[in-house]
2 protein chains.
Amino acid sequence: MLELAVLGLLHESPLHGYELRQRLKATLGTFRAFSYGSLYPTLRRMRDTGWITEDEGDAEVVAGAPPLTGRRGKVVYRLTAEGKERLQELLAEAGPSSWEDETFGVHFAFFSQTDPEVRVRILEGRRSRLEERREGVRASLARTRARLDSYTLQLQEHGLESVDREVRWLTELIETERSQSNTGTTQP
Amino acid sequence: MLELAVLGLLHESPLHGYELRQRLKATLGTFRAFSYGSLYPTLRRMRDTGWITEDEGDAEVVAGAPPLTGRRGKVVYRLTAEGKERLQELLAEAGPSSWEDETFGVHFAFFSQTDPEVRVRILEGRRSRLEERREGVRASLARTRARLDSYTLQLQEHGLESVDREVRWLTELIETERSQSNTGTTQP
DNA sequence: GCGCGATGTATCGCCGCGATACATCGGACG
DNA sequence: CGTCCGATGTATCGCGGCGATACATCGCGC
């Protein structure tokens, strides 16, 4: 969800819309776009709920020329106290929503602000969700393989390999997380 | 787009909603879901436009019990002549829309119904779009690398590798396509 | 001095998603 | 022999994101 991303970015420093979008691209990279068509409505919503405030960065609007078509100044967005609470709440979330395709990447991007335990639980949740999906597809593929043309087959197999790759990636990450939190009670 | 997928599937045989969804899952695998929340509205829209017709599979509705809460019979969807035309039109499309993330997979899934030349153009279009994106992310990454925390960095790099993988996959596919259409005028 | 690309705010309609509701049917299990 | 459950089946609703588009300003090169 965009909401988390916005809260996470604004937690570092106040920003205006355009910058926010640049940061979004820089932070999420390949993985997700978030156009203005989502950004501005989201900002509006968040302001209305009270997570953020917006204020003029440009005070120089004054009585200049235009009663109509007023000059639009930069609008700077800033976290409120409630916004910070909300961010903490979202960062602590390790339920199904945090390992959905669309949400996981955003959560991951803000892992440095996330509790180590929660990190592991999110990574594991994501992994088992992917494994489930993989097994589902594998089963269905085994059943219908014969009936499928080569293109459909190749698509499926490419998809399967991608999922596999991500599972392996997650496994590495989980191991790293574990070895970093060396308050090991269970490990012999 | 769901429209193409529906047309492609109905071209093989008439189906009702539930089957259609099963086929969708079997055909697209990991790559895309398409819930009923999209399916039924889309079918409605397509019927209204005239690409498909819907008719009762179950004639056994009759005057049984319920004037209210009428028993719902299966609804079988079938391509019209216009629908077939529309399918051909969409299959021939090799513009930017066919190499978008969401659309490409659907196009690919129906490649066996697609003209070989169009296939290559779609694959190449997809590839160059991915290469563009990759270079964009790489550039931005090189610029901001120092400022990013390790998680963001890992996310970016994982994404980059995924893109790379897909590019390699596409390259293989393109080569296969080329070598199969051996009406070589240019190749010495 | 003029145009063009980057910066900047904003809206609109489309489409897909997840949740939910509701109904029927066949088989498993007590 | 009843009943409960999971698969089959149709359908809607609200939400959130996307791409296109509009419009305005600023700084730079030519």
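Chain A is the first sequence line, chain B the second, and so forth, proteins listed ahead of strands; every chain is numbered from 1. Please read all numbers here as calculations on a predicted model, not as lab measurements.
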Selection from D/dA11, C/dT11, C/dG8 that lies nearest to any side-chain heavy atom of B/Tyr77: D/dA11
Given DNA chain D, 5'-ward residue of the pair B/Glu102 and B/Glu19, judged by closest heavy atom: B/Glu19
Touch class at under 4.0 angstrom, heavy-atom based, for B/Arg21 against every strand present: nothing
Options D/dT10, D/dG17, C/dT11, nucleotide nearest the side-chain atoms of A/Tyr40: C/dT11
Nearest listed nucleotide, side chain of B/Phe34, among C/dG16, D/dG17, D/dT10: C/dG16
Whether A/His11 side chain and A/Val6 backbone form a donor-acceptor pair below 3.5 Å: no
Residue that, paired with A/Arg45, satisfies side chain to side chain donor-acceptor pair (under 3.5 Å) out of A/Asp48, A/Thr42, A/Thr49: A/Thr42
Donor-acceptor contact below 3.5 Å, side chain A/Ser38 vs main chain A/Phe34: no
Between P of C/dT7 and CZ of A/Arg23, the distance in whole Å: 14 Å
Nucleotide of C/dT11, D/dT12, C/dT9 approaching A/Val75 most closely (side-chain heavy atoms): C/dT9
Nearest to side-chain heavy atoms of A/Tyr36, which nucleotide of D/dC18, C/dA10, D/dG19: C/dA10
Closest nucleotide among C/dA6, C/dG16, D/dT8 to the A/Tyr18 side chain: C/dA6
B/Glu166 with B/Arg126: basic N within carboxylate O range, under 4.0 Å: yes
Position toward the 5' end of DNA chain D (nearest nucleotide), B/Gly37 or B/His16: B/His16
B/Leu28 CG - C/dG16 P separation (whole Å): 12 Å
B/Leu39 CG to D/dT8 P, straight-line distance once rounded to whole Å: 16 Å
Out of D/dG19, C/dT9, C/dG18, whichever nucleotide has its closest atom nearest the side chain of B/Ser35: C/dG18
Shortest side-chain distance from B/Arg44, nucleotide among D/dA11, D/dG17, C/dG16: D/dA11
Distance in angstrom units between A/Glu3 CD and D/dG16 C1', rounded: 11 Å
Face-on cation placement of A/Arg21 at A/Tyr36 ring, 6.0 Å and 45° thresholds: yes
Minimum-distance nucleotide (side-chain atoms of A/Ser38 versus D/dT8, D/dA11, D/dG17): D/dG17
